[in-house]
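Notes follow once the structure below has been shown.
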Amino acid sequence: MERFVAECNITRFEQMLRKASDPAEQQLLEELLAEERAKLNRTNAAGSTEPVAVF
């Protein structure tokens with residue numbers, strides 16, 4: 001489940017970042033993306049066997 005949530009958040013934050021024009025908002029979204037990617041990497045490193053979400 002954690003892997004699915006991280007993947008959904010990454011997709012959402014990437015979409016929001018493409019639309020963001022405010023530098024402060026862009027910075028926040030980049031930070032959130034980095035956090036979610038780190039979570040996903042930790043989940044993958046832990047050997048999670050749940051299936052990868054397809055969007």
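All values reported here derive from a predicted model rather than from experimental measurement. All values below were derived from every heavy atom in this structure, side-chain atoms included, with hydrogens, water molecules and symmetry-related copies excluded.
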| Atom of Leu33, atom of Leu17 and distance for their closest heavy-atom approach | CD1-CD2, 3.9 Å

| field | With sequence neighbours excluded, residues passing salt bridge (charged side-chain N to carboxylate O under 4.0 Å, His left out) with Glu35 | value | none

| Distance in Å, Thr43 OG1 paired with Glu36 CD, rounded so as to fall on 0.5 Å steps | 9.5 Å

| message | Distance check, rounded to the nearest 0.5 Å: Asn9 atom CG versus Phe4 atom CZ? | response | 9.5 Å

| task | Can you sort out the partners of Arg12 under side-chain contact (heavy atoms from CB on, under 4.5 Å), two or more places apart, ordered by chain and number? | result | Met16

| task | Sequence neighbours left out, what pairs pass side-chain hydrogen bond (donor to acceptor under 3.5 Å, both in side chains) with at least one residue falling in residues 18-27? | result | Gln27-Glu31

| request: List the steps and the verdict of side chain to side chain contact (heavy atoms under 4.5 Å, CB included) for Ile10 and Glu14. | output: CA-CA 6 Å; Ile10 289 168; Glu14 287 173 338; 3.6 Å; yes

